[in-house]
Amino acid sequence: MAAGGGIDPIHQFHINPIVELKPFGLDLSFTNTSLWMVIVLAVVSAIMVYGSSQRAVVPGRLQSLAEMAYEFVASTMTGVMGKEGLKFFPFVFSLFMFVLASNLLGLIPGSFTVTSQIIVTAALALLVISIVLIYGVVKHGTHFFGLFVPSGVPGWLLPFMVLIEVVSFLSRPVSLSLRLFGNMLAGHIALKVFGGFVVVLLGSGAALNYAIAPLPLLLAVALTALEVLVAALQAYVFAILTCVYLNDALHPGH
Amino acid sequence: MPVRFSGFVGQRWPVAVASFATLLAGAAQAAQEAHGLSGEKMAFPPFDPAHFASNLFWLAISFGALYWLMSKIALPRLGSILEERAETIGRDLDQAAEMQAKAEDMAQAYEKSVAEARKNAQGIAQTARETGAKASEAQRHTTEAELAAKLAKAEATIAKTKDKAMSNVRDLGSDIAVAIVTKLTGQAPSATEATEAVDQVLAQG
């Protein structure tokens with residue numbers, strides 16, 4: 001965290017290899033990011049797989065949690081896409097749980113936030129858009145590209161509108177990945193900065209600085225509460241936007 | 001609340017700003033020093049392409065494993081649990097409704113039997129009352145008849161006694177009349193004449 005007394009808010013995003021793995025000249029080392037991905041996998045699996053293993057008619061705590069997650073994602077999906085959208089249920093559910101668990105686990109002091117790595121959020125967003133594209137083209141053929149041709153537009157305006165629609169479609173993975181990445185990164189930097197103020201103030205030795213040290217501490221506490229909200233909200237936003245985009249693949253007509 | 005807060009900050013804000021500025025400068029310097037010490041990683045770590053391959057590789061593994069676990073194990077299991085619960089609840093509700101209907105039937109049957117029993121009891125009581133009344137009436141009649149018979153018998157005895165007494169009185173009267181007439185006139189009337197005279201008087205009064 002604080003290297004040599006100084007506070008570096010970026011230090012928390014550093015990737016450190018734990019086990020070096022370099023086959024064929026590729027660096028596939030098992031890093032702290034990888035470790036926290038595996039921890040996310042373990043936590044979500046513990047809740048969902050172990051939690052449902054009792055198959056109780058009257059659920060226990062863990063099973064209630066698992067059922068709540070199941071029904072929440074299912075109702076969100078049917079709300080956006082209708083019943084037929086449930087064919088994507090395992091994918092959207094895995095995505096939502098992975099992002100939610102990453103965001104929330106990242107708030108534990110000393111942990112690592114997987115979703116603060118833009119390559120991770122970009123990969124997930126590209127996965128979503130690839131599924132939209134592949135499913136749309138396989139299911140609807142060229143009719144899928146009707147998505148870019150809005151109806152009821154005068155002929156001279158059409159090329160312009162198509163261009164806008166294409167740009168809007170292409171910007172989707174960018175906004176999807178940057179939104180999550182930016183929220184996580186900014187939140188953690190803000191937390192670290194305010195936490196660092198407390199340390200610096202207390203380390204300075206001046207009486208006045210001791211007196212105002214509680215202020216950034218209070219802010220850090222308030223920010224932590226806000227970050228919990230942001231963590232859950234961003235996972236929800238990621239999932240619901242995925243649903244909206246998948247809905248375009250299901251019903252490409254405007 | 002906001003007013004109080006701004007007042008609190010307002011008193012010391014120049015000091016706070018000064019501290020904040022020194023703090024920022026200190027933090028920036030410390031950060032620079034830290035980077036200078038490590039030397040290599042000047043790039044902002046999330047944008048450092050050196051780790052992209054490793055991150056993607058492990059993301060593919062962990063997200064793939066998660067997707068497999070969710071789609072093959074957890075979600076079908078939870079789906080069946082929820083379905084089973086909905087079924088169980090539906091079945092239990094049906095059963096409860098059935099049992100309630102049965103209970104209502106039983107209550108109705110019970111009420112019916114109670115009403116019948118009450119009617120029967122009323123009938124029995126009515127009959128008993130009527131029988132009792134009839135019996136006492138009959139007894140009354142018998143007693144009355146007996147009493148009437150006794151009364152008639154007594155009246156007959158009285159009449160007989162009265163007749164007897166009256167005939168005695170007649171005989172006695174005629175005897176007394178004979179005696180009085182004999183004493184007054186010195187002539188004894190015949191018994192027949194005396195009797196006739198007495199009868200005449202008796203018939204008059």
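The chains referred to below are lettered A, B, ... by the order of the sequence lines, with proteins before strands, and numbering in each begins at 1. Note that these values count all heavy atoms, side chains included, but never hydrogens, waters or copies made by symmetry.
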| task | Test side chain to side chain contact (heavy atoms under 4.5 Å, CB included) on Gln117(A) and His51(B) and set out the steps. | result | CA-CA 10 Å; Gln117(A) 298 297 317; His51(B) 300 294; over 6 Å; no
| query | What pair of heavy atoms forms the shortest contact from Val49(A) to Ala74(B), and how long is it? | reply |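 Nearest pair, atom of Val49(A) first, then Ala74(B): CG2-CB, 4.0 Å.
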With a 4.5 angstrom heavy-atom cut-off, could you sort out which part of [X] is near chain A: side chain, backbone, both or neither?
X	answer
Leu59(B)	both
Ile81(B)	side chain
Ile73(B)	side chain

For [X], I'd like to know if atom [atom1] has over 12 heavy atoms of other residues, nucleotides or ligands within 6.0 Å.
X	atom1	answer
Lys87(A)	NZ	yes
Glu137(B)	CD	yes
Arg118(B)	CZ	no
Glu84(A)	CD	yes
Arg77(B)	CZ	yes
Tyr50(A)	OH	no

| message | Are Phe63(B) and Leu95(A) packed together at the side-chain level, in the sense that at least one heavy-atom pair is separated by less than 4.5 angstrom? | response |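 The answer is yes, as the side chains (C-beta and beyond) meet within the 4.5 Å cut-off.
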| field | Leu69(B) and Met48(A), any side-chain heavy atoms less than 4.5 Å apart | value |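 No, too far: nothing below the 4.5 Å cut-off.
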What part of [X] is in contact with chain B, defined as an atom under 4.5 angstrom from a non-hydrogen atom: side chain, backbone, both or neither?
X	value
Phe98(A)	both
Ser116(A)	backbone
Phe181(A)	side chain

| message | Please report the interatomic distance CG(Leu41(A)) to OH(Tyr67(B)), rounded to the nearest 0.5 Å. | response |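 Between atom CG of Leu41(A) and atom OH of Tyr67(B) there are 15.0 Å.
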| query | Yes or no on side chain to side chain contact (heavy atoms under 4.5 Å, CB included) for Met70(B) and Val44(A), after CA distance, side-chain angles and deciding distance? | reply | CA-CA 9 Å; Met70(B) 294 301 113; Val44(A) 176; 4.0 Å; yes
| task | Evaluate the criterion side chain to side chain contact (heavy atoms under 4.5 Å, CB included) for residue pair Ser94(A) and Ser71(B); output intermediate values, then yes/no. | result | CA-CA 8 Å; Ser94(A) 309; Ser71(B) 63; over 6 Å; no
| field | Worked check of side chain to side chain contact (heavy atoms under 4.5 Å, CB included) between Thr31(A) and Asn55(B) | value | CA-CA 8 Å; Thr31(A) 61; Asn55(B) 277 349; 4.2 Å; yes
| Taking Ala122(A), Ala69(A), Pro59(A) one by one, which has the highest count of heavy-atom pairs under 4.5 Å against chain B? |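 Most heavy-atom pairs under 4.5 Å with chain B: Pro59(A).
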